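One structure is given here, and the rest of the page talks about it.
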There are 2 protein chains.
Amino acid sequence: MSQYEKTCLIRGDSGRTIRAILDRIGNKWTLLIVATLHGGRMRFTELQQHIPGISQRMLSLSLRHLERDGLISRTAHAEVPPRVEYELTPMGQTLIVPAITLAEWAVEHNPGIERSQTAYDSRDD
Amino acid sequence: MSQYEKTCLIRGDSGRTIRAILDRIGNKWTLLIVATLHGGRMRFTELQQHIPGISQRMLSLSLRHLERDGLISRTAHAEVPPRVEYELTPMGQTLIVPAITLAEWAVEHNPGIERSQTAYDSRDD
DNA sequence: CGGAATCCATTACGATACTG
DNA sequence: CAGTATCGTAATGGATTCCG
């Protein structure tokens with residue numbers, strides 16, 4: 001399968017597939033949570049500490065979305081005080097590879113992009 | 001470099017890198033435009049026809065963002081009526097690979113995700 | 001033809017406060 | 001500890017109109 005044919009995966013179906021994942025992971029926190037959970041099972045507060053800047057509300061919302069998508073699993077232990085642990089499902093684990101691919105692209109090309117932006121912003125036409 | 005170390009690309013720097021690209025490509029149309037331009041140079045109206053559902057406004061906005069990022073180039077021909085052509089820059093071409101990786105993940109796991117969502121929504125706890 | 005300007009609806013996000 | 005509820009703000013995107 002050629003690269004050109006593969007881009008049809010993106011454009012085909014009027015782009016519904018690609019938009020579906022972007023709606024899923026294109027937000028501010030999802031990939032950060034998935035990457036953090038790659039280190040293993042974690043509880044709510046622990047996640048919050050590993051992801052600086054996330055609010056309780058957004059962490060809670062994001063976790064429920066990810067659980068609904070089947071990418072993470074939630075385990076509530078019947079204890080006092082309550083203990084709830086989150087971990088990646090097997091399907092969630094598979095998201096790591098595309099996420100890394102994307103991150104590596106970002107790291108590699110960020111300098112070039114920023115240079116381009118500076119040039120664009122300082123041109124006077 | 002291990003996969004775990006690679007996820008630090010995502011989490012490291014408080015996730016600024018990953019958020020930078022998601023701000024860049026995590027929106028509704030960017031990847032669709034890049035994938036469409038993989039077919040070669042195209043003009044404004046042509047792009048609009050290849051990307052069903054996109055409004056003039058969003059196409060115009062997205063194209064200017066991509067141009068600012070140095071991922072596409074814009075060529076305005078001094079003719080009447082005006083003719084403007086867009087094409088991927090060399091850097092823009094490199095985005096194709098991560099985009100395809102993501103799209104393939106989406107195609108492969110969408111069924112599982114949708115099943116999970118249905119199960120989640122129909123459970124009564 | 002290839003846009004820019006304007007208006008509007010929806011959503012995402014953040015801060016704060018409260019609870020089983 | 002692990003959330004939910006409520007509020008206000010900002011960003012996103014669609015529809016429409018106008019213009020060189």
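Here is how names work: the chains are called A, B, and so on, in the same order as the sequence lines, proteins then strands, and each is numbered from 1. The structure presented is a predicted model; accordingly, all values stated were derived computationally and were not measured.
A search for side chain to side chain contact (heavy atoms under 4.5 Å, CB included) contacts involving Ala76(B) returns Arg74(B), Val84(B), not counting sequence neighbours. Remark: Ser55(B) engages Arg57(B), Met58(B) in a side chain to side chain contact (heavy atoms under 4.5 Å, CB included) (not counting sequence neighbours). Taking Arg24(A) as the reference, Asp69(A) meet the salt bridge (Lys or Arg N to Asp or Glu O under 4.0 Å) condition, with sequence neighbours excluded. Remark: Arg11(B) pairs with Ala35(A), Thr36(A), Tyr4(B), Thr7(B), Cys8(B) by the side chain to side chain contact (heavy atoms under 4.5 Å, CB included) rule, at least two apart or across chains. Residues forming a side chain to side chain contact (heavy atoms under 4.5 Å, CB included) with Ser60(B) (at least two apart in sequence, or on another chain): Phe44(B), Arg64(B). Residues that satisfy the salt bridge (Lys or Arg N to Asp or Glu O under 4.0 Å) test with Glu46(B), not counting sequence neighbours, are absent from this structure. Judged as a salt bridge (Lys or Arg N to Asp or Glu O under 4.0 Å), and not counting sequence neighbours, the contacts of Glu79(B) are Arg83(B).
Contact check, Arg74(B) against dG3(C): a side-chain N or O comes under 4.0 Å of OP1 or OP2. Using a 4.0 Å cut-off, some side-chain N or O of Ser60(A) falls inside it from OP1 or OP2 of dT4(D). Phosphate proximity of dC1(D) to Tyr86(A): absent, as no side-chain N or O sits under 4.0 Å from OP1 or OP2.
For the helix from dC1(C)-dG20(D) to dG20(C)-dC1(D), the rotation axes defined at the first and last 5 base pairs enclose an angle of 50°, given to the nearest 10°.
Expressed to the nearest 0.5 Å, how far CD1 of Ile54(B) lies from OG of Ser62(B) amounts to 5.0 Å.
Applying the side chain to side chain donor-acceptor pair (under 3.5 Å) rule to pairs touching residues 100-116 of chain B yields Thr94(A)-Trp105(B), Thr94(A)-His109(B), Trp105(B)-His109(B), sequence neighbours excluded.
Here the C1' atom of nucleotide dC1(D) and the CG atom of Leu47(A) are 13 Å apart, to the nearest Å. Computed from coordinates, the Leu59(B) CG to dG2(C) P distance equals 10 Å when rounded to whole Å.
Within residues 31-45 of chain A, the residues having any heavy atom under 4.0 Å from DNA chain D are, by residue number, Arg43(A), Phe44(A), Thr45(A).
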Which atoms of nucleotides 10-15 of chain C (N or O only) lie under 3.5 Å from a protein N or O atom, and what are those distances?
unit_1  : atom_1 : unit_2   : atom_2 : d
dC13(C) : OP1    : Lys28(A) : N      : 2.9
dC13(C) : N4     : Arg57(A) : NH2    : 3.2
dG14(C) : OP1    : Lys28(A) : NZ     : 2.5
dG14(C) : OP2    : Trp29(A) : NE1    : 3.1
dG14(C) : N7     : Arg57(A) : NE     : 3.2
dG14(C) : O6     : Arg57(A) : NE     : 3.1

Contact list (N/O, under 3.5 angstrom) for nucleotides 18-20 of chain D vs protein:
none

